[in-house]
Amino acid sequence: MTTTLAAAWTGHDTRLIGATVLAIAVIVVLITKAKQHPFLALILGSGVLGLVGGMPVDKLIKSFSSGVGSTVASVGVLIALGAMLGKLLADSGGADQIVDTILRRAGKRTLPWAMALVAALIGLPMFFEIGLVMLIPVILLVAKRTGKPLLLLGIPALAGLSVLHGLVPPHPGPLAAAGALNANIGLTLAFGLLVAIPTVIIAGPLFGRLAAKMVPDAVAPERLVPESSSAEGRRPGFLATLSTVLLPVVLMMGKALADILLEKENHLRRVLDFIGDPLVALLAAVLLGMLTLGKSAGFTRDKLSSTVADSLPPIAGILLIVGAGGGFKQTLVDAGVGNVITSLATGANLSPLLLGWLVAVAIRLATGSATVATVSAAGIVAPLAATMDPSHSALLVLAIGAGSLFFSHVNDAGFWLVKEYFGLSVGQTLKSWSVMETIISVTAIALILPLGALL
């Protein structure tokens with residue numbers, strides 16, 4: 001096998017791999033050392049990749065621009081709609097309603113499980129950082145009232161948010177990877193939920209017990225602990241809120257089932273394909289949320305308008321990173337890097353799912369960004385998906401997403417958010433949060449690989 005690989009290896013292949021390694025190194029150094037925004041780092045890294053890899057300048061610019069355009073076109077609107085839904089959920093008190101209802105019905109022994117469930121529900125339409133900022137007051141207040149160790153409650157909530165962020169659309173990473181690999185989003189969602197449930201259980205409530213023993217003296221800064229978690233004024237009902245949050249999930253799942261069970265010409269399948277399209281599903285949830293969340297909370301038309309408008313500025317950076325990641329991905333593809341990786345993987349008989357996970361792990365460790373790791377890894381292994389059936393393409397998206405969560409450390413913004421909110425030292429954050437992220441990544445790929453073998 002080694003002889004075959006050596007024979008197939010050319011000087012051009014060596015140059016492309018060297019250019020890829022150099023480009024990733026440039027991105028890493030710019031983000032971690034020069035403290036540059038990932039958007040700028042990805043643009044410059046794409047330039048290094050193309051120039052060192054021997055791409056003509058005009059082709060390099062065209063490749064990057066088309067990658068940005070196609071990624072923003074396919075993912076950007078969905079990210080914006082998800083942000084709108086998340087903002088409506090937060091400002092109306094709907095998120096508090098879900099939290100309060102579940103916690104009222106949970107005993108002290110089941111509180112960690114309740115926190116994981118709350119975080120998973122909140123995490124469906126929200127980005128990790130938004131969900132974390134929303135849940136932190138609840139976590140701290142519940143810990144204060146019950147006297148339970150902070151990490152016993154905090155780790156399950158963090159696990160619920162993180163798993164949904166890495167594996168389940170409509171989060172930016174899975175959406176971007178699904179777009180790059182032409183994977184069916186409905187199938188990705190279905191498999192993502194299937195993998196997410198046991199992963200959250202293992203990395204959340206179960207590991208939370210151990211984390212609480214490893215870091216028993218974790219105490220949040222007093223200034224962050226709220227006096228009350230109750231929202232002022234009217235709030236939407238629990239069932240109405242839950243129905244709004246789950247609507248896009250149900251619609252996209254319906255589309256996935258229709259694609260599997262019904263013929264293409266079937267009228268019902270056409271209807272389900274339309275309403276289950278992520279764009280339509282999320283738009284429907286936002287419109288429904290304006291009624292079930294906004295109106296129920298007593299929002300005026302002006303308040304609804306300002307809530308929706310206020311949801312967009314915070315995601316500008318995410319949109320730019322995802323778009324530049326798409327440009328980097330397209331540059332990788334047009335330079336021929338993906339074909340080289342594919343030929344190497346084929347010659348080495350390495351599982352595409354495992355390869356996608358390993359590439360994402362490497363980029364995650366280097367850059368600290370799960371989103372950068374996801375979109376970059378998807379671009380590198382995209383040629384492998386060309387010959388895959390829809391099920392395996394969806395699993396490849398999940399494998400990349402799982403790799404993108406591996407061992408968060410000091411170059412990840414999430415690391416510092418958790419450290420500050422939970423009042424931890426760097427060492428304590430590594431022992432709790434970083435280990436939890438690693439457990440999520442390893443557990444998820446351990447579930448994905450057998451699924452790939454069975455399907």
Side-chain angles (χ1 to χ4, degrees), residues 24 27-39 41-42 115-116 119 123 126-137 139-140 149-167 171-173 199-200 203-204 207-208 210-212 214-215 217-221 224 314 317-318 321 325 360-377 401-444:
I24 292 175
I27 293 171
V28 172
V29 171
L30 288 174
I31 293 175
T32 60
K33 300 296 184 183
K35 306 301 180 184
Q36 293 297 313
H37 193 280
F39 174 67
L42 283 163
M115 295 305 297
M126 291 190 177
F127 303 114
F128 175 82
E129 291 82 1
I130 299 172
L132 177 60
V133 171
M134 276 183 51
L135 278 178
I136 280 296
I139 297 169
L140 302 185
L150 181 57
L151 290 183
L152 182 67
L153 303 175
I155 288 294
L158 292 173
L161 286 173
S162 186
V163 170
L164 271 292
H165 174 73
L167 299 181
H171 288 279
T199 302
V200 169
F207 173 66
L210 179 60
M214 293 169 60
V215 189
D217 55 344
V219 179
L224 296 179
I318 295 173
I321 293 172
V361 165
I363 299 174
R364 160 68 159 182
L365 290 173
T367 66
S369 170
T371 303
V372 171
T374 300
V375 295
S376 299
S404 75
L405 298 176
F406 191 89
F407 196 75
S408 163
H409 59 99
V410 294
N411 60 356
D412 177 20
F415 178 93
W416 297 105
L417 275 174
V418 172
K419 175 188 176 299
E420 295 303 318
Y421 276 127
F422 285 82
L424 304 173
S425 67
V426 170
Q428 289 174 329
T429 312
L430 288 169
K431 288 194 293 184
S432 53
W433 160 256
S434 300
V435 172
M436 183 207 78
E437 287 283 85
T438 304
I439 291 172
I440 290 173
S441 181
V442 173
T443 301

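Computed from a prediction, not measured in an experiment: that's the story for all the values here. Just so you know, these numbers use all the heavy atoms, side chains as well, and skip hydrogens, waters and symmetry mates.
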Considering all heavy atoms, the nearest [X]-[Y] contact:
{"X": "H37", "Y": "I321", "answer": "CE1-CG1, 3.6 Å"}
{"X": "M115", "Y": "L153", "answer": "CB-O, 3.8 Å"}
{"X": "I155", "Y": "A211", "answer": "CG1-CB, 3.9 Å"}
{"X": "L151", "Y": "A218", "answer": "CG-CB, 4.1 Å"}
{"X": "A402", "Y": "L167", "answer": "N-CD2, 3.7 Å"}
{"X": "K431", "Y": "F207", "answer": "O-CZ, 3.9 Å"}

Restricting to side-chain contact (heavy atoms from CB on, under 4.5 Å), what partner residues turn up for A119, sequence neighbours left out?
L135, A157, L161
Residue set satisfying side-chain contact (heavy atoms from CB on, under 4.5 Å) with T374, at least two apart, ordered chain then number -> A177, I400, S404
Just so I know, are the side chains of [X] and [Y] near enough to count as touching, which here means a heavy-atom distance under 4.5 Å?
{"X": "L42", "Y": "L30", "value": "no"}
{"X": "T429", "Y": "F422", "value": "no"}
{"X": "V426", "Y": "F415", "value": "yes"}

Apply side chain to side chain contact (heavy atoms under 4.5 Å, CB included) to residues S432 and L424 and explain how you reach the verdict.
CA-CA 9 Å; S432 53; L424 304 173; 3.7 Å; yes
Under the side-chain contact (heavy atoms from CB on, under 4.5 Å) test against M436, which residue among I440, T438, I439 passes?
I440
Looking only at atom types and distance, does a side-chain atom of [X] sit under 3.5 Å from a main-chain N or O of [Y], one as donor and one as acceptor?
{"X": "S408", "Y": "S434", "result": "no"}
{"X": "R364", "Y": "A373", "result": "no"}
{"X": "S162", "Y": "L158", "result": "no"}

